[in-house]
> 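Please find one structure pasted underneath; my questions will follow.
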Amino acid sequence: MKTKILSIIAVITMSFATNAQIDRSKMPTPGPDPVVKLGSAEKFSLNNGLTVIMVENHKLPRVSATLRIDNKPYLEGNISVFRYDGKLIR
């Protein structure tokens, strides 16, 4: 039992000693910039005038979509456009 307690104390003491040797007054030098390889962008327009820009990447099975509406919000009766859009998304 004494050896287990002494070994735990020794490990904790060594971990403090290793952390004390790091000089945090200087910023570390950055590594090389990652190389980003994107496929060619495919741009097309739908029948309703919506422009779609698509880049295929088959590394991960993930789909991401962003919709940007370039109109100023306005009130239509008692409900605003943002509340209406929020109800559509739910």
Side-chain angles (χ1 to χ4, degrees):
M1 186 65 172
K2 278 187 178 183
T3 54
K4 288 183 181 179
I5 293 173
L6 288 175
S7 61
I8 291 173
I9 291 173
V11 168
I12 291 172
T13 307
M14 282 194 248
S15 68
F16 286 132
T18 12
N19 286 339
Q21 294 174 1
I22 298 173
D23 184 15
R24 298 197 187 268
S25 64
K26 293 186 275 183
M27 290 279 291
T29 57
D33 292 336
V35 177
V36 178
K37 295 180 182 178
L38 294 176
S40 59
E42 187 178 335
K43 185 176 182 178
F44 57 92
S45 186
L46 299 178
N47 292 338
N48 61 359
L50 185 70
T51 304
V52 178
I53 302 172
M54 181 175 66
V55 177
E56 289 188 44
N57 185 352
H58 297 286
K59 288 184 180 179
L60 294 175
R62 181 178 72 190
V63 175
S64 175
T66 304
L67 176 65
R68 295 186 184 184
I69 300 174
D70 196 23
N71 292 338
K72 294 183 179 181
Y74 61 91
L75 288 175
E76 188 173 300
N78 197 15
I79 188 166
S80 70
V81 173
F82 289 121
R83 277 186 44 200
Y84 184 71
D85 291 344
K87 287 183 180 183
L88 287 175
I89 293 172
R90 290 185 199 164

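Start at 1 with the first residue, then count along the sequence.
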> Considering residues at least two apart in sequence or located in another chain, which fulfil the side-chain contact (heavy atoms from CB on, under 4.5 Å) criterion with L6?
none
> My understanding is that only residues two or more places apart in sequence, or in another chain, count here; which of them pass side-chain contact (heavy atoms from CB on, under 4.5 Å) with I8?
I12
> Taking side chain to side chain donor-acceptor pair (under 3.5 Å) as the definition, give me every residue that meets it alongside E42, ordered by chain and number, with sequence neighbours left out.
none
> Applying side-chain contact (heavy atoms from CB on, under 4.5 Å), name anything that partners D33, two or more places apart in sequence or on another chain.
none
> Which residues pass the side-chain contact (heavy atoms from CB on, under 4.5 Å) test with K43, not counting sequence neighbours?
T51, I53
